[in-house]
Amino acid sequence: MTDVTAHPINAKWPAQDPSVLQLYSFPTPNGVKASIMLEESGIPYEAHKVTLADADVKSDEFLSLNPNNKIPAIIDPNGPDGEMVTLFESGAILIYLAEKAGILAGNNATEKAEVIQWLMFQMGGLGPMLGQLGFFYKFAGSEWEDKRPQQRYIDEGKRLLAVLEKQLDGRDWVTGSYSIADIAIAPWLRALDFYGAKEVLGWDEHKNLVAYLDRFVERPAVQKGLVTPPRD
């Protein structure tokens, strides 16, 4: 174990229990991936609220941990071979935690490859595309007179939902068994409520997805992770 209190981030977010994993996050679709996985795994951790305001994510203290100024990020004092691990990027954190805990990433090389495949589907497609949909449908982009960008992301959102709807045919979870792929994907589907975009994407027509998201939010670890760290 390495003493995390020597890390510069402690000047703004001091560790109360330096012996456990430190999570720096906010409950966004990307942020809750880490907190949900930590709850699912039972790895002891301490959560620090890092808001999306520049005063937090662009502070020198946070940039010392994540130069890309995005949540979530972690410090694990109990990394491999006793070395401290610092990590950013939600997908990388999910893989790291799954390997650390030995769960939710497949039981053999073939299953692991499929889990990582669908995790990358979220990282490279579902998340970025639905995030752009949110910008053009709810936020500043919705005010633009030219609606072609908005329509592009509506169409791409529909396409991606159709991919998932087909994948979930006859399955409870994206790869058959619950995994970090689900922890990555489901929070972004849940974000459609926040964007007010479910109707325009025909959400209710996707019966598999509706049931899938209901199953996901019923999990106790998910319920805890969705509000960790608390917004207030």
Side-chain angles (χ1 to χ4, degrees), residues 9 12-13 21-41 43 45-59 61-63 65-75 86-98 104 118-142 153 156-157 160-161 164 174 180-198 201 203 209 212-213 216-217 219-232:
I9 201 167
K12 191 172 178 71
W13 293 279
L21 186 146
Q22 305 292 310
L23 169 67
Y24 307 87
S25 191
F26 195 72
T28 67
N30 281 333
V32 299
K33 295 176 196 173
S35 52
I36 289 171
M37 183 56 187
L38 285 163
E39 290 295 326
E40 293 281 10
S41 69
I43 296 170
Y45 75 102
E46 180 179 314
H48 304 271
K49 182 175 74 173
V50 179
T51 73
L52 306 186
D54 286 356
D56 277 357
V57 293
K58 292 186 178 180
S59 66
E61 294 86 355
F62 190 69
L63 291 173
L65 179 58
N66 184 0
N68 195 36
N69 65 273
K70 303 292 184 182
I71 57 93
I74 63 170
I75 300 177
T86 65
L87 203 59
F88 61 88
E89 283 297 324
S90 59
I93 291 170
L94 283 177
I95 294 170
Y96 173 79
L97 295 176
L104 303 187
W118 284 99
L119 173 61
M120 294 302 111
F121 167 86
Q122 184 280 308
M123 297 294 296
L126 188 71
M129 294 301 103
L130 294 189
Q132 291 296 325
L133 172 64
F135 175 81
F136 285 105
Y137 194 75
K138 178 175 181 175
F139 297 111
S142 65
Y153 291 109
E156 182 63 1
L160 291 166
L161 292 190
L164 284 170
V174 170
I180 55 174
D182 301 295
I183 294 174
I185 289 168
W188 275 102
L189 299 177
R190 191 170 172 270
L192 294 176
D193 266 329
F194 177 66
Y195 296 148
K198 276 189 168 179
L201 294 183
W203 171 259
L209 283 177
Y212 168 74
L213 192 54
F216 181 74
V217 297
R219 296 180 68 89
V222 171
Q223 293 174 20
K224 179 71 181 296
L226 288 173
V227 292
T228 303
R231 287 178 174 266
D232 300 323

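Count residues from 1 along the sequence. Keep in mind that this is a model prediction, so the values were computed, not measured.
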If you count the non-hydrogen atoms of other residues, nucleotides and ligands that lie under 6.0 Å from [atom1] in [X], is the total more than 12?
X: Glu89; atom1: CD; value: no
X: Lys70; atom1: NZ; value: no
X: Lys224; atom1: NZ; value: no

Can you tell if the side chain of [X] reaches within under 4.5 Å of the side chain of [Y], non-hydrogen atoms only?
X: Trp118; Y: Leu164; result: yes
X: Phe121; Y: Leu160; result: yes
X: Arg219; Y: Ile36; result: no
X: Gln132; Y: Glu156; result: no
X: Ile71; Y: Phe62; result: yes
X: Glu39; Y: Tyr45; result: yes
X: Ile185; Y: Phe216; result: no
X: Ile43; Y: Met37; result: no

Run the numbers on Lys12 and Asp56 for side chain to side chain contact (heavy atoms under 4.5 Å, CB included), then give the verdict. CA-CA 9 Å; Lys12 191 172 178 71; Asp56 277 357; 3.2 Å; yes
Grab the two heavy atoms, one from [X] and one from [Y], that are nearest each other, plus how far apart they are.
X: Asp232; Y: Lys49; value: C-NZ, 3.9 Å
X: Leu65; Y: Ile74; value: CD1-O, 3.8 Å
X: Leu87; Y: Ala92; value: CD2-O, 3.7 Å
X: Tyr195; Y: Gly131; value: OH-CA, 3.9 Å
X: Leu52; Y: Thr28; value: CD1-CG2, 4.0 Å
X: Val222; Y: Glu40; value: CG2-OE2, 4.0 Å

Test your reading of the model: is there a side-chain donor-acceptor pair from Ser35 to the backbone of Thr228, 3.5 Å cut-off? yes
Just by modelled atom types, is the Pro27 backbone N or O under 3.5 Å from a matching donor or acceptor in the Arg231 side chain? yes
Rounded to the nearest 0.5 Å, what separates atom [atom1] in [X] from atom [atom2] in [Y]?
X: Ile9; Y: Glu61; atom1: CD1; atom2: CD; result: 8.0 Å
X: Leu119; Y: Ser90; atom1: CG; atom2: OG; result: 8.0 Å
X: Leu94; Y: Leu104; atom1: CG; atom2: CG; result: 9.5 Å
X: Asn68; Y: Leu63; atom1: CG; atom2: CG; result: 9.5 Å
X: Ile75; Y: Glu46; atom1: CD1; atom2: CD; result: 10.5 Å
X: Leu161; Y: Leu192; atom1: CG; atom2: CG; result: 6.5 Å

Is there a side chain to side chain contact (heavy atoms under 4.5 Å, CB included) between Val174 and Tyr212 once you walk through the steps? CA-CA 9 Å; Val174 170; Tyr212 168 74; 3.6 Å; yes
Using the side chain to side chain contact (heavy atoms under 4.5 Å, CB included) rule, take Phe26 and Val32 through it: C-alpha gap first, then chi angles, then the decisive distance, then the call. CA-CA 7 Å; Phe26 195 72; Val32 299; over 6 Å; no
Say whether Asn30 and Trp188, considering side chains only, have a donor N or O and an acceptor N or O under 3.5 Å apart. yes
Which of parallel (below 30°), tilted (30 to 60°) and perpendicular (above 60°) describes Phe194 and Phe139? tilted
Specify whether Tyr24 and His48 have parallel, tilted or perpendicular ring planes, treating 30° as the upper limit for parallel and 60° as the lower limit for perpendicular. parallel
Could you walk me through whether Gln223 and Leu226 pass side chain to side chain contact (heavy atoms under 4.5 Å, CB included), step by step? CA-CA 5 Å; Gln223 293 174 20; Leu226 288 173; 5.7 Å; no
Tyr153 and Phe136: aromatic ring centres closer than 6.0 Å? yes
